[in-house]
S.K.: 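The following block contains the structure, expressed as structure tokens.
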Amino acid sequence: PTREAIDPVRFISNNSTGKMGYAIARMAMLRGADVTLVSGKVDVPPVPFVNIINVISAQDMYDAVTEEAKNSDIIIKAAAVADYTPLTVSDNKIKKKDGGEMSIPLKRTKDILKTLGENKKENQFICGFSMETQNMLENSKKKLEKKNVDMIVANNLKVAGAGFGTDTNIVTLITKDEVRKLPQMSKEDVA
């Protein structure tokens, strides 16, 4: 996951644990790949023999991934990157105001997967992930085309055994030519 700072104390994030991304890095390493893992803050043990680049925000991840992509043959984007970040970040802790609500204006973050697709090198394979809660196939097929990637790994957060924090996943692999639904399996088997 990424963390988008509101002030020095608070941030906006999501429920990603990093388990899927770390499983992919581990399985690629075991198959002999030279792996670089760009990771937000997680409580998953580091993968041995893998170059890990630790990041915090969506911008940090964008910078690291776009730099690493220049020399990568295969890119698998399993990260849960924030789509929005606070428009401004307070230098000091924002104090609670008596009797009032608070709003935080947000701006879009840079779309890492779209940038990768727009700058795709010849013979480079790009795989994105699509976490959905409705219209999984339709939304994921649109993402495949819109982002100009080779494959989308789609899953539905509302399906038991899939999504954040579990040791299992239920995914559908989507390419331009094929839609292949896999049964529930461990995240390492999915990887």
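Only this structure's heavy atoms are used, side chains among them; waters, hydrogens and symmetry mates stay out. Keep in mind it's a predicted model, so treat the numbers as computed, not measured.
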S.K.: In chain order, what residues pass the side-chain hydrogen bond (donor to acceptor under 3.5 Å, both in side chains) check against Asp63, with sequence neighbours excluded?
M.R.: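 Applying side-chain hydrogen bond (donor to acceptor under 3.5 Å, both in side chains) to Asp63 gives Gln59.
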
S.K.: When you compare the side chain of Val153 with that of Asn155, does any pair of heavy atoms fall below 4.5 Å?
M.R.: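 Asn155 does not reach Val153 side chain to side chain.
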
S.K.: Got a sec, which residues hit salt bridge (charged side-chain N to carboxylate O under 4.0 Å, His left out) with Lys120, two or more places apart in sequence or on another chain?
M.R.: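 Per chain and number, Lys120 pairs via salt bridge (charged side-chain N to carboxylate O under 4.0 Å, His left out) with Asp150.
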
S.K.: Linking directly or through intermediates, with side-chain heavy atoms under 4.5 Å: list the remaining ILVMFWY members grouped with Ile56, chain and number order.
M.R.: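 Grouped by the 4.5 Å side-chain rule, Ile56 forms a cluster of one, so the answer is none.
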
S.K.: Checking the side chain of Asn119 only, and the main-chain atoms of Thr115 only, is there a donor and an acceptor separated by less than 3.5 Å?
M.R.: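 Yes, Asn119 side chain to Thr115 backbone: donor-acceptor pair under 3.5 Å.
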
S.K.: Show which side-chain atoms of residues 75-93 pair as donor or acceptor with protein atoms under 3.5 Å away, not counting sequence neighbours.
M.R.:
from  : atom 1 : to    : atom 2 : distance (Å)
Thr85 : OG1    : Glu4  : OE1    : 2.8
Ser90 : OG     : Asn92 : N      : 3.2
Ser90 : OG     : Asn92 : O      : 2.5

S.K.: What's the spacing between Ser72 OG and Asp34 CG if we round to 0.5 Å?
M.R.: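 Separation between the atoms: 9.0 Å.
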
S.K.: Answer yes or no: is there a side-chain heavy-atom contact under 4.5 Å between Val35 and Asn51?
M.R.: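 No. Closest side-chain heavy atoms not under 4.5 Å.
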
S.K.: Asp7: which residues meet the salt bridge (charged side-chain N to carboxylate O under 4.0 Å, His left out) condition with it, sequence neighbours left out?
M.R.: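 Scan of Asp7 (salt bridge (charged side-chain N to carboxylate O under 4.0 Å, His left out), adjacent residues dropped) gives Arg10.
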
S.K.: If you measure from CG on Asp111 to CG on Leu116, what distance do you get to the nearest 0.5 Å?
M.R.: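 That separation rounds to 9.0 Å.
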
S.K.: Which pairs count as salt bridge (Lys or Arg N to Asp or Glu O under 4.0 Å) when at least one residue sits in residues 168-188, sequence neighbours excluded?
M.R.: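 Every pair satisfying salt bridge (Lys or Arg N to Asp or Glu O under 4.0 Å) with a residue in residues 168-188: Arg26-Glu188.
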
S.K.: Could you give the side-chain donor-acceptor pairs of residues 38-48 under 3.5 Å, partners two or more places apart or in another chain?
M.R.:
from  : atom 1 : to    : atom 2 : distance (Å)
Ser39 : OG     : Tyr22 : OH     : 2.8

S.K.: Return the set of residues passing side-chain hydrogen bond (donor to acceptor under 3.5 Å, both in side chains) with Ser57 (not counting sequence neighbours), or none when no residue passes.
M.R.: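 Residues passing side-chain hydrogen bond (donor to acceptor under 3.5 Å, both in side chains) with Ser57: Asp60.
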
S.K.: Would a 4.5 Å heavy-atom cut-off, applied to side chains only, mark Leu144 and Val149 as touching?
M.R.: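 They are in contact (side-chain heavy atoms under 4.5 Å apart), so the answer is yes.
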
S.K.: May I ask you to list the residues sharing a hydrophobic cluster with Val9, side-chain cutoff 4.5 Å, ordered by chain and number?
M.R.: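 Via sub-4.5 Å side-chain contacts, Val9 links to none.
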
S.K.: Could you tell me which residues satisfy side chain to side chain contact (heavy atoms under 4.5 Å, CB included) with Thr17, sequence neighbours excluded, listed by chain and number?
M.R.: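 Thr17 satisfies side chain to side chain contact (heavy atoms under 4.5 Å, CB included) with Lys19 only.
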
S.K.: What residues, two or more places apart in sequence or in another chain, satisfy salt bridge (charged side-chain N to carboxylate O under 4.0 Å, His left out) together with Glu138?
M.R.: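 With neighbours one apart ignored, the set is Lys142.
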
S.K.: Once salt bridge (charged side-chain N to carboxylate O under 4.0 Å, His left out) is applied, do any residues pair with Lys70, and if so which ones, sequence neighbours excluded?
M.R.: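 With neighbours one apart ignored, the set is Glu67.
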
